[in-house]
Amino acid sequence: MDIRQYINSAIQKLGAEVPFVELEVPRIARHGDLSTPVAMVLAKRLKKAPRVIAEELASILSAEAPFEKVEVAGPGFINFTFKRRFLYAELRALLNNPSRYLRKDLGQGQRVQVEFVSANPTGPLHLGHGRGAAVGAALANLLARAGYDVEREFYVNDAGRQVRLLGESIFARYKEILGVACPFPEEGYRGDYIKDLAADLLREVGERFKDSDFDLAGEYFIRFGVDRMLKLMEHDLRDFGVVFDRWQSEKALYDEGLVKKCLEELRKKGKLYEEGGALWFRATEFGDDKDRVVIKSDGSHTYFASDIAYHWYKIQRGFDELINIWGADHHGYVPRIKAVIRALGYPEERLGVLLVQIVTLLRGGRPVQMSKRSGEFVTLREVMEEVGADTTKFIFLTRSHDSHLEFDIDVAKKESSENPVFYVQYAYARINSIFRKAEEEGIQTGKEGDLNYLEEETEIGLIRKILFYPLMFEGAVRTREPHRITFYLQELAGLFHPYYNTHRVLGVEPAALTLARLSLCDAVKTVLKEGLSILGVTVPERM
RNA sequence: GCGCCUGUAGCUCAGCAGGAAAGAGCAACUGACUUCUAAUCAGUGGGUCGGGGGUUCAAAUCCUCCCAGGCGCACCA
């Protein structure tokens, strides 16, 4: 259904144009099936009264095939009512080829990289990472279905101080087990998982490092810790239903000389300078608050240095668009990375940063304090096991990414019987149940039912909702907001359940009505499945 | 002090490039299972959209100031 096309061509006939035709689904039935305020937008441009423009557009549009009625109302709204025949034909089109109907090729093969989670490999993933994972994965799925060529990447901070601290922490625990005195690093990681790692490492290498210095043994301990942490994170993410195409190592950027090469590139462009023994990037030239150090006076690189190289490398790899999903606590970092993009000679829009706001975990109505260093944090795995991956993801995707999220674990569990995710899944399971029963009764469940039998107002409402999926989809893609899918699915399920309660599909007369309703159910099921799979939520055959 | 995010029903949140009379879920109350799954449905109550200005034919939505909460402002990672 491409209604905009009709409207656009009508606007052209008036000798005007508009960048975007806004369409909305009116809340009130009297206002038709679909509505546009575009005449009011045009009023200024055409220097005519909005109602006059609306009337002109309406008279052109009322001749078009899909419309039963095209009315002008209020200050200049144009309200459309579809012909039933049109709705049936559209529904038929969807049934015949769901993915063509539901997935619009908006990306046209453009290459997009979504980088998300990218947690330091120094401890288990916590709930905040889970939110990033859910949002990133859903966004990647969404874009993939919109015709983008998507890559999902996890950036591994396996160089620098944090992983060194990880190594030192394991080292200290290792010695502790062997009864060798060794001070625990000041800012080391104190979680119990470090002790487990140390014990595992001991099992693997025995007492080989009992008397070693960290300078000597460090490399091994760091490597060991990072590998184990990466495996753990990958495993947790996999169980959460999130899989990456690529894991990019920061260390590799150094080892392969990319950091050096990139800094060289910037130097050539005159965007670096030395001062006070350090090497600086002219970030202020590109809108950042201050210039930033890339190589400290002691000769070591800042994190920023590898981040510059990383983004440069990503662009080199040929992506049309980069999307970084970051925790909101990194928002101060955005201007300097954008500055880098520009300094390297690329448009700033090449990079989009989606900031995912903080998750507060409530247990027993109280916020649970989280601090990685002290080892007090709630892991993604704990929550996943306690409330389930589907519920966890759904909760994350029922908020817009820039809204602070309160994750009340008691509510998430307690409500499990009335949880929104189950509400949607249940609709799916119920439809399956109908189809199972139909097969038992030997009813042919193909999609060929004569849709003209769908005459009830609730059925028409359901059809409309289904056919508006692409409209919602487009918006979700345009704004990069997967949570719109979540709300849509709840609304769709919210139309299906009442329908189910008041209308029987099987055993009604005439038999053709059953077939028509089966087709409708099939369409609902298809859309539910499509949406849930974008969110990464499972579709249960029965519940 | 500066910057970013948030402030909508008792609670958790939507509100789709400003648009027609503010929405959902939960919680509360009242009803519905000999029928394809009651993890469901029907109904009731509940809001000065943080506050003040401004722009507009039209503002929850844009601008501005203020208030409140969160998060950032390193030759840290």
Side-chain angles (χ1 to χ4, degrees), chain A residues 19-20 22-28 30-31 35-37 40-41 43-44 49-50 73-77 79 120 122 157 160-163 165 187 275-280 289-290 292-298 300 302-304 327-335 355 357-358 360 395 398-400 402-408 411 414-423 425-427 429-438 440-441 471-472 474-476 478-479 481 483-484 486-488 490-491 493-494 496-508 514 517-518 521 542-543:
Chain A
F20 179 83
E22 194 186 334
L23 287 177
E24 51 186 58
V25 180
R27 265 196 279 285
I28 304 156
R30 184 159 39 85
H31 293 152
S35 174
T36 180
M40 293 178 277
V41 177
K44 251 194 207 114
F77 289 96
N79 297 333
N120 277 338
T122 52
N157 289 118
R161 196 175 122 84
Q162 292 309 315
V163 290
L165 274 170
E187 291 176 86
E275 192 181 291
L279 190 64
W280 298 71
D289 294 338
K290 50 183 88 165
R292 307 288 175 178
V293 171
V294 290
I295 300 181
K296 294 181 261 180
S297 51
D298 68 0
S300 63
T302 59
Y303 241 108
F304 186 46
D329 51 341
H330 291 90
H331 73 262
Y333 219 71
V334 176
L355 296 171
Q357 289 293 332
I358 308 296
T360 313
I395 288 174
T398 314
R399 270 81 167 169
S400 101
D402 61 3
S403 154
H404 300 210
L405 190 151
E406 216 159 86
F407 195 106
D408 190 323
V411 172
K414 184 191 75 184
E415 281 186 352
S416 65
S417 62
E418 286 155 34
N419 203 299
V421 69
F422 296 125
Y423 184 79
Q425 287 178 320
Y426 189 49
R430 273 182 148 177
I431 293 171
N432 270 296
S433 167
I434 296 174
F435 278 98
R436 271 197 303 274
K437 188 78 191 286
E440 278 170 28
E441 293 179 6
L471 205 60
M472 176 284 301
E474 247 178 83
R478 190 189 73 238
T479 56
E481 291 178 350
H483 74 274
R484 294 191 190 197
T486 319
F487 282 90
Y488 172 89
Q490 293 186 71
E491 288 161 12
F496 177 76
H497 285 304
Y499 176 64
Y500 180 94
N501 269 280
T502 49
H503 295 74
R504 291 197 54 79
V505 174
L506 304 179
V508 290
T514 286
R517 287 183 174 172
L518 280 171
C521 287
R542 58 180 81 216
M543 288 172 76

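In what follows, every chain begins at residue 1, and chains take the letters A, B, ... in the order their sequences are listed.
Among the protein residues, A/Ala43 comes within range of no part of the nucleic acid, since none of its heavy atoms lies under 4.0 Å from any strand. Looking at heavy-atom distances under 4.0 Å, A/His497 makes contact with sugar-phosphate atoms alone, never a base. No engagement by A/Phe435 is indicated, since no non-hydrogen atom pair under 4.0 Å with the nucleic acid exists. Contacts of A/Arg27 with the nucleic acid, taken as non-hydrogen atoms under 4.0 Å apart, involve only primed sugar atoms and P, OP1 or OP2. Using a 4.0 Å heavy-atom distance criterion, A/Glu275 is classed as a base contact. A/Ala278 comes within 4.0 angstrom of a base, heavy atoms only. Residue contacts for A/Phe487: at a heavy-atom cut-off of 4.0 Å it reaches the sugar-phosphate backbone alone, with no base atom in range.
Across B/G10 and B/G3, the matching C1' atoms stand 34 Å from one another, rounded to whole Å. Rounded to the nearest Å, the gap between the P atom of B/A17 and that of B/A9 is 22 Å. If you take atom P in B/A60 and the same atom in B/A21, they sit 11 Å apart, rounded to whole Å.
A donor-acceptor contact under 3.5 Å is not formed by the side chain of A/Asn501 with the base of B/A32. At a cut-off of 3.5 angstrom, the base of B/A74 holds no donor-acceptor pair with the side chain of A/Thr302. At a cut-off of 3.5 angstrom, counting only N and O atoms as typed in the model, there is no donor on one side facing an acceptor on the other between the side-chain of A/His330 and the base of B/G72.
The side chain of A/Ala73 lies closest to B/A20 when the candidates are B/C13, B/A74, B/A20. Taking only side-chain atoms of A/Arg504, from C-beta outward, the nucleotide of B/C16, B/A14, B/C36 with the closest atom is B/C36. Listed candidates were B/G69, B/A77, B/A20. Nearest to the side chain of A/His404 is B/G69. With B/A20, B/C76, B/U12 as the choices, the nucleotide that has an atom nearest any side-chain atom of A/Lys296 turns out to be B/C76.
We find that CZ of A/Arg484 is positioned 19 Å from P of B/G23, with the value rounded to whole Å. Distance A/Met472 CE to B/A14 C1': 14 Å, rounded to the nearest Å.
Base pairing annotation: B/A17 forms no Watson-Crick or G-U wobble pair, as no partner gives both donor-acceptor distances under 3.5 Å. B/A68: Watson-Crick or G-U partner is B/U6, with both key distances under 3.5 Å. Across all strands shown, B/A24 pairs with B/U12; the Watson-Crick or G-U wobble distances both stay below 3.5 Å. Look at B/U56: it lacks any Watson-Crick or wobble partner with both distances under 3.5 angstrom. Nucleotide B/U34 forms no Watson-Crick or G-U wobble pair with any nucleotide shown, as no partner meets the under 3.5 Å limit on both distances.
Across all non-hydrogen atoms, the minimal contact from A/Arg399 to A/Leu405 is CD-CD1, 4.0 Å. A/Pro37 and A/Glu22 get closest at one heavy-atom pair: CD-O, 3.4 Å.
Side-chain atoms of A/Leu518 and A/Phe435, non-hydrogen and from C-beta on, do get closer than 4.5 Å to each other.
Between the side-chain ring of A/His31 and the base of B/A20, a stacking contact exists by the 5.5 Å and 30° definition.
In terms of position along RNA chain B, the nucleotide closest to A/Glu22 lies nearer the 5' end than the nucleotide closest to the other residue of the pair A/Leu506 and A/Glu22.
The cationic group of A/Arg292 does not satisfy the cation-pi geometry with A/Phe304, failing either the under 6.0 Å distance to the six-membered ring centre or the 45° limit from the ring axis.
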